[in-house]
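To start, the structure itself, in structure tokens.
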Amino acid sequence: MAQNLEDLQLRIERTEHVKRIITQIQAANNLDHIILDLHKDILSLFDAEDVTLFVFDPEKKEIFSKVPSLDTVEEVRTPITEQSLPGFCAKYLRPVNIVDAYNAAELKTIHPSLLHDNAYDKRTGFKTKQVLTYPIVADNKYLMGVLQLLNKKNGTRFTRKDEEAVAEIAKAIGTAFFNLRKAVKKNPTKFDLLLSSNRITQNDLDNALAESRKPNGDLESILIERYKVPKIDIGKSLAQFYKCPYIEYSERTLVDIELLKNLNVDYLKKNHWMPLKRDRASVEILTDDPGNLDRVQDIKRTFPGLNIRFAVSLRRDIAQFLGSSTGTGDAGGRKLDENVSDILGELVTEAQAEATEEAAGSGLDENDSAIVRLANQIIADAYRQNASDIHIEPYGEKRETLVRFRVDGDCFEYMKIPQSYRRAIVSRLKIMASLDIAERRKPQDGKIKFKLSESREIELRVATLPTAGYNEDVVMRILAASEPLPLDKMGFSDRNLKELKAISEKPYGIILCVGPTGSGKTTTLHSVLGNINTPDIKIWTAEDPVEITQYGLRQVQVQPKIGFTFAAAMRAFLRADPDVIMVGEMRDKETADTGIEASLTGHLVLSTLHTNSAVETVTRLLDMGCDPFSFADAMLGVLAQRLARRICKDCKEQYVGTPEEYADLRAAYGEEYWDKLGIKQDATFRLSRGKGCETCNRSGFKGRVALHELLLGSDQMKRMVQQKARTEDMLKAALAEGMTTLVQDGIQKVLQGLTTHKEVKAVAIK
């Protein structure tokens, strides 16, 4: 009788224990609570050593569990296959109750392919023995997960009562999971994408939300600074929720400052919105909450009759946009005593004052402090952003003057200057270049020596051109002095590097580097000189201008205006005991003849030429009137070069190329040469692309990679030059000797993941 009472008491306690667990499950408001907080209660109920709750991930078709590890929670994923006990349970929705997980015979009685995944045992030193797994199902059909109990403490199999209890708990968990997922679907939040991509846990998000309710609390800043959530991921989540584009602060993004003239900046900052740009019938508004109805009404009243297009941004980015556009804050987080936005704000204020006085354009001239500071800051910012060229483009009295930078070969808008000051900024730059500011009818060119700091000075080549409407454009190329790069770092293929080093070490002959302006010809020649620059060799260079300097070279800047041309410099060099001569450019027959003559009299001559390909260079020189026999004797090699945009290293990703991309690359490379590469169209055919990140300003490209085509002066090639052979015949002969064309070299760099085929096509033609 006493035994029966004791058994009854145990059954009642067990039933109450199960009910208590089920009540806690039903009260849980997130999955982490169910997974982690019921751990001890479930272990004590089943007298087990360990319990794991696996959750079904419908997107990846996997189950996963969360395991506490020191001060973090580790996520472990398991495939739904017979390769593990919980995977088998999820696949077949069948419970598994075994005595020894390592007993293969016992496992085969359940399923012939069933295995025990011992990875957890190996990692932790835990020894799995008894296992009870039970499927978690909702509504009798939807898989929600798997509940797994390990190791009965008394060493026996889990009992029938254990199976009944775990079935009740699994049913409660299934219902709870199902309801939680429905609730998430019914009430989407701004940060669903962060949760679903595991950028942040629900618990951390709840804590951040609570903290943001304090005075001056900014949720996005808390997520970025405290929980290390990348800003771009927050932006993507907001864009998905509000169904509009996300715009991040960038110095390159232009704000239409005309839209801000009649608006109170303090009001905009307080309410976290601002107009970005407009066209004929609509205006684009940047705001942190496009769903705020009161704010939407305010915006519509501010811009009556216009369609409103919304873009979402973070509060900190809106503040930066406002600061950089009005000169009331720092741009891009840069705490500078002087920045271009401050000066621009000053000019806008001046423009408004002058408009009031009906004296627009008469208040500031090229010597005014604001204009001087603006010109200096444009140059400094261009240098800071690694720009190669600065373009000042006035559009007359009705439109603002546009300033554009060229970075990595591509132009982008940097800023706009009020139209009233188009002549003042142009005149200021002409004064800096020592040009005639009164002459606006014909082109002029000059140079600016610009001091960035006490120890840093750069040179700019300046060209002015008269444009329509009595305007004058200014284009400035930044000639930043630098050290030469080693040849090994120039991106040459193995064949090209080996052959270029070999011909550069010859005692005499001529080496030409050809390509359009800005393709890195001078940089390459200086690298070649760096390879042979030793104390026993005397090297003279004639350049316009001297841009790259290196110790051991005697460098001369030519002055065509006073008759000191490249040809004159070369004739002078021949009287100055040279071993090697580098000429900046062979612009005419005189320079070419002098160079060929110098190479035939025992000197190594290096020069550049503006031609499209290595083979065409030979034809060009012969067309200029150079003697084919002399040039054939002198020719060591012709290197054609281009610069293509390089995929950003910080956001580069690989992907399997499509059949169309494979066909395009094969056709461009030349089918007979492509087949020799042995590249197949399967999963191993991988290409690269840039996703876009802060480093590359979301473009996916950062820096440039050189493409090369090296034509060697072999005996056969020399004979063809003497015979004035056709360009096509010389090209076929060169390819047969192992030359790769610019396009082929570019495609090899596409396959190496350095650039894309589109970029190669943009700079090189077949």
Side-chain angles (χ1 to χ4, degrees), residues 249-255 324-325 327 330-334 336-347 366 370-394 400-418 421-422 424-435 445-465 472-482 517-520 522-523 545 547-548 643 645-646 694-699 701-704:
Y249 176 78
S250 169
E251 290 181 342
R252 296 187 181 188
T253 302
L254 285 174
V255 177
S324 66
S325 303
D330 62 292
R334 291 182 290 128
L336 299 175
D337 293 331
E338 181 81 340
N339 64 46
V340 75
S341 55
D342 294 334
I343 306 165
L344 198 57
E346 190 176 316
L347 284 177
E366 62 273 6
I371 293 293
V372 171
R373 283 159 35 226
L374 179 62
N376 292 344
Q377 200 60 44
I378 288 172
I379 295 171
D381 280 359
Y383 178 80
R384 190 181 298 115
Q385 293 187 33
N386 296 315
S388 60
D389 299 88
I390 305 167
H391 297 257
I392 314 292
E393 302 171 346
E400 294 143 313
T401 294
L402 189 61
V403 181
R404 296 198 289 168
F405 291 168
R406 186 183 294 278
V407 176
D408 293 337
D410 274 13
C411 275
F412 68 90
E413 291 185 3
Y414 163 67
M415 66 176 291
K416 289 179 179 176
I417 301 171
Y421 307 110
R422 65 191 187 283
I425 190 68
V426 168
S427 295
R428 177 62 203 163
L429 293 170
K430 288 171 75 174
I431 287 171
M432 293 171 74
S434 301
L435 301 178
D445 60 89
K447 289 176 185 163
I448 295 175
K449 292 268 191 184
F450 187 80
K451 203 165 189 177
L452 287 164
S453 63
E454 288 299 320
S455 59
R456 186 69 174 159
E457 186 178 73
I458 61 173
E459 188 173 349
L460 297 97
R461 191 165 60 207
V462 182
T464 69
L465 290 98
E472 199 173 10
D473 279 32
V474 180
V475 180
M476 296 178 281
R477 165 151 294 190
I478 299 175
L479 309 170
S482 61
T517 302
S519 59
T522 304
T523 304
E547 192 173 348
I548 300 172
L643 294 178
R645 290 198 297 172
R646 182 188 290 269
E694 291 185 15
T695 305
C696 60
N697 198 41
R698 309 282 161 223
S699 68
F701 296 95
K702 182 72 175 175
R704 288 195 278 182

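- Contact check for Tyr421 versus Ile371: side-chain heavy atoms found under the 4.5 Å cut-off.
- Within the 4.5 Å cutoff, side-chain heavy atoms of Thr517 are placed close to those of Arg477.
- Between Ile478 and Asp389 the shortest side-chain heavy-atom distance does not fall below 4.5 Å.
- Contact check for His391 versus Tyr414: no side-chain heavy atoms found under the 4.5 Å cut-off.
- For the atom pair Arg422 CZ and Ser427 OG, the distance stands at 11.0 Å (nearest 0.5 Å).
- Residues passing the side-chain contact (heavy atoms from CB on, under 4.5 Å) test with Ala387, sequence neighbours excluded: Ala382, Phe405, Val407.
- Taking CD of Glu400 as the start and CE of Met415 as the end, the distance is 9.5 Å to the nearest 0.5 Å.
- Residues meeting the side chain to side chain donor-acceptor pair (under 3.5 Å) test with Arg406, sequence neighbours left out: none.
- Closest approach of Ile392 and Thr401 over heavy atoms only: CG2-CG2, 4.0 Å.
- In terms of the side chain to side chain donor-acceptor pair (under 3.5 Å) criterion, Asn376 has no residue partners (sequence neighbours excluded).
- In terms of heavy-atom proximity, Val426 sits nearest to Pro394 at CG2-CG, 4.2 Å.
- Within the 4.5 Å cutoff, side-chain heavy atoms of Glu459 are placed close to those of Lys447.
- Interatomic distance, OG of Ser699 versus CZ of Phe412, reported as 10.5 Å (0.5 Å rounding).
- For the pair Val462 and Asp445, the minimum side-chain heavy-atom distance is 4.5 Å or more.
- Thr464 places none of its side-chain heavy atoms less than 4.5 Å from the side chain of Asp473.
- A salt bridge is absent between Arg404 and Glu413: the closest approach of a Lys/Arg side-chain nitrogen to an acidic carboxylate oxygen does not fall below 4.0 angstrom.
- Minimum interatomic distance between Arg428 and Ala375 (heavy atoms only, all atoms of both residues): CG-CB, 3.8 Å.
- Partners of Arg704 by side chain to side chain donor-acceptor pair (under 3.5 Å), not counting sequence neighbours: none found.
- The two residues Ile390 and Leu460 have their closest heavy-atom pair at CD1-CD2, 4.1 Å.
- Residues passing the salt bridge (Lys or Arg N to Asp or Glu O under 4.0 Å) test with Asp410, sequence neighbours excluded: Arg645.
- For Glu472, the side chain to side chain donor-acceptor pair (under 3.5 Å) test picks out Lys430, with sequence neighbours left out.
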